[in-house]
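What follows is a single structure, written as structure tokens, with notes after it.
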Amino acid sequence: MEPKNLRVEKTDPIAVVTIHRPEKLNALDAATVTELYQVMKELQKDDAMRAVIITGSGEKAFVAGADIAEIAKHDEISGKIFAMRGQKVFRFIEKMRLPVIAAVNGYALGGGCELAMACHLRIASTGARFGQPEINLGLIPGYGGTQRLPRLIGRTQAMYLLLTGEMIDAQKALQLGLVNEVVEPDQLMQRAREIARCLAEKAPLAIRSILDVVDQGLNLNLDMALNLEAEMFGNICATEDMKEGTAAFLEKRKPQFRGK
Ligand code: COA
């Protein structure tokens, strides 16, 4: 079934997924979260895909949060289920075999900031605004914000943003290491596509391996993480793409990676 609140555009081998609920600043209601999960699962299965860009519809918002009208109705039990659903979808994105780039075109608040943080790279327009304002609603983040924010920018800065609910602009987000780059709004999609194309040309198994080893390794102690790296390095040495990449370098030509 066609998603209602998402637009998916595939320009082989890159997909652009646009959250499209402009009248609510692309706030993530339950239906949109479900659609996002379906779409990302389909992209994961599509062998032609090499990278995904997630952005928001319009110029004002990436995603202005989870839908507050829905959250307002939650009780102890439904609240926990709500958080677990969103966490599952965002964790799926984070663990995808395809690199996912957030092109943050405006407000990335609450669930929007959490969605961007679950992506592997974040490019922001100068008009982007980030924050975890849940505290202002008497809430806490529930889609991973209390965990990913300190992991990305450190405990000191994360604690400040989580406790104050303060919004920061794109430059501050860059300074804190929350985003990779800041570009003018009219350059945002072009730059995100440029990075996606760059990643699409790399060896897919090596890309996947980097996504995996960084994700898993950060949750291990250094010795275990280094063991994991060695294991994965060994695995990648058994691929045709590694033979091709090293041979191409030695023969002074461009490699032709085939994902094998
Ligand atoms: N959930 C549900 N609806 C939302 C929303 C959200 N997270 N964020 C914005 N909207 C809705 C508004 O209710 C409004 O709907 P209406 O026109 O039917 O009243 C519409 O989107 C436009 O938002 P509005 O507040 O009028 O825009 P603004 O430019 O004055 O302010 C924000 C923009 C982002 C500062 C403001 O919308 C906001 O603070 N949103 C909530 C952010 C938040 O707390 N997110 C975390 C949620 S857990």
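All figures in this text were calculated on a predicted structure; none of them were measured in a lab. The first residue of the sequence shown is numbered 1, and numbering continues consecutively from there.
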Practice task
Treating Ile, Leu, Val, Met, Phe, Trp and Tyr as nodes and any side-chain heavy-atom pair under 4.5 angstrom as an edge, say whether Met96 and Leu152 lie in one connected cluster.
Solution key: yes
Handout entry: Joint cluster assignment, Ile123 & Val100, ILVMFWY side-chain distance < 4.5 Å
Key = no
Handout entry: Ile14 and Val52, any side-chain heavy atoms less than 4.5 Å apart
Key = no
Fill in the blank from the handout: d(Phe257 CZ, Leu205 CG) to nearest 0.5 Å is 10.5 Å
Problem - Whether His74 and Phe82 hold their rings parallel, tilted or perpendicular, with breakpoints at 30° and 60° - result: tilted
Practice task
Tell me, yes or no, whether the heavy-atom count around Lys80 atom NZ, taken from other residues, nucleotides or ligands under 6.0 Å, exceeds 12.
Solution key: no
Problem - Nearest-0.5 Å distance that lies between atom SG in Cys113 and atom CZ in Arg129 - result: 13.5 Å
Problem - Atom CD of Glu229 with >12 non-hydrogen neighbours under 6.0 angstrom - result: no
Practice task
Tell me whether Val63 is reachable from Leu161 by hopping between hydrophobic residues (I, L, V, M, F, W, Y) whose side-chain heavy atoms are closer than 4.5 Å.
Solution key: yes
Practice task
Run the numbers on Arg191 and Glu184 for salt bridge (charged side-chain N to carboxylate O under 4.0 Å, His left out), then give the verdict.
Solution key: CA-CA 10 Å; Arg191 181 63 186 135; Glu184 291 301 322; over 6 Å; no
Handout entry: Arg258, CZ atom: more than 12 neighbouring heavy atoms under 6.0 Å
Key = no
Fill in the blank from the handout: Rounded to the nearest 0.5 Å, the CD atom of Gln216 sits from the CG atom of Leu211 at a distance of 11.0 Å
Problem - Main-chain N/O of Met49 paired with Asp12 side-chain donor or acceptor, under 3.5 Å - result: no
Problem - Residue pair Asp75 / Ser78, side-chain donor-acceptor N/O under 3.5 Å - result: yes
Handout entry: Heavy-atom side-chain proximity of Gln44 to Lys41 below 4.5 angstrom
Key = no
Exercise for the section: Keeping the roles fixed (side chain from Gln87, backbone from Gly142), state whether a donor-acceptor pair exists under 3.5 Å. Expected result: yes
Problem - Close side-chain approach of His120 to Val214, heavy-atom, < 4.5 Å - result: no
Problem - Trace of the side chain to side chain contact (heavy atoms under 4.5 Å, CB included) decision for Leu115 with Ile19 - result: CA-CA 11 Å; Leu115 174 59; Ile19 317 277; 4.2 Å; yes
Problem - Audit row: Arg21, Asp67, salt bridge (charged side-chain N to carboxylate O under 4.0 Å, His left out) steps and yes/no - result: CA-CA 11 Å; Arg21 269 189 98 208; Asp67 192 306; 2.9 Å; yes
Problem - Gap separating the CD1 atom of Ile68 from the CD atom of Glu134, nearest 0.5 angstrom - result: 8.5 Å
Practice task
Could you tell me whether the side chain of Ile54 reaches within less than 4.5 Å of the side chain of Phe62, counting heavy atoms only?
Solution key: yes
Handout entry: Minimum-distance pair of heavy atoms, taken over all atoms of Val39 and Leu6
Key = CG2-CD1, 3.7 Å
Handout entry: salt bridge (charged side-chain N to carboxylate O under 4.0 Å, His left out) between Arg91 and Glu94, worked out
Key = CA-CA 5 Å; Arg91 188 70 178 131; Glu94 195 169 42; 2.7 Å; yes
Exercise for the section: Answer whether the closest heavy-atom distance between the side chains of Met189 and Ile53 falls below 4.5 Å. Expected result: yes
Exercise for the section: Verify the cluster assignment for Met117 and Ile101: are they in a single hydrophobic cluster under the rule of side-chain heavy atoms below 4.5 Å apart? Expected result: no
Problem - More than 12 heavy atoms of other groups within 6.0 Å of Leu250 CG - result: yes
Handout entry: Check ion pair Lys4-Asp29 (N to O, under 4.0 angstrom)
Key = no
Problem - Any side-chain heavy-atom pair of Tyr143 and Val33 under 4.5 Å - result: yes
Practice task
Check for a donor-acceptor pair, side chain of Asn105 on one end and backbone N or O of Glu59 on the other, with a separation under 3.5 Å.
Solution key: no
Practice task
Working to the nearest 0.5 Å, report the span between NZ of Lys45 and CG of Leu98.
Solution key: 13.0 Å
Exercise for the section: May I ask you to decide whether Asp46 forms a salt bridge with Lys10, counting only side-chain N to carboxylate O separations under 4.0 Å? Expected result: yes
Exercise for the section: Return yes if some donor-acceptor pair links the side-chain N/O of Ser57 with the main-chain N/O of Pro22 below 3.5 Å, else return no. Expected result: no
Problem - Under 3.5 Å: donor-acceptor pair, side chain of Lys95, backbone of Phe90 - result: no
Handout entry: Val8 with Leu36, same ILVMFWY side-chain cluster at under 4.5 Å
Key = yes
Exercise for the section: Look only at the side chain of Ser125 and the backbone of Gly127, and say whether a donor-acceptor pair between them is shorter than 3.5 Å. Expected result: yes
Exercise for the section: Spell out, as yes or no, whether a donor-acceptor pair under 3.5 Å connects the side chain of Arg122 to the backbone of Leu178. Expected result: yes
Practice task
Please check if atom CD in Glu9 has more than 12 non-hydrogen atoms from other residues, nucleotides or ligands closer than 6.0 Å.
Solution key: yes
Problem - Glu114 (side chain) donor-acceptor with Gly145 (main chain) under 3.5 angstrom - result: yes
Exercise for the section: Determine, for Arg197 against Glu194, whether the closest basic-nitrogen to carboxylate-oxygen distance falls under 4.0 angstrom. Expected result: no
Problem - CD/Glu23: more than 12 non-hydrogen atoms of other groups inside 6.0 Å - result: yes
Fill in the blank from the handout: To the nearest 0.5 Å, atom CG of Leu222 lies from atom CG of Asn227 at 10.0 Å
Exercise for the section: Answer yes or no: is there a donor N or O on one side and an acceptor on the other, between the side chain of Arg50 and the main chain of Leu199, under 3.5 Å? Expected result: no
Problem - CZ (Arg208) with more than 12 external heavy atoms under 6.0 Å - result: no
Exercise for the section: Measure from NZ or CZ of Lys88 to the centre of the six-membered ring of Phe92, then state whether that distance is under 6.0 Å and the direction lies within 45° of the axis. Expected result: no
Practice task
Determine whether Phe130 and Lys172 make a side-chain contact, defined as any pair of heavy atoms from C-beta on separated by less than 4.5 Å.
Solution key: no
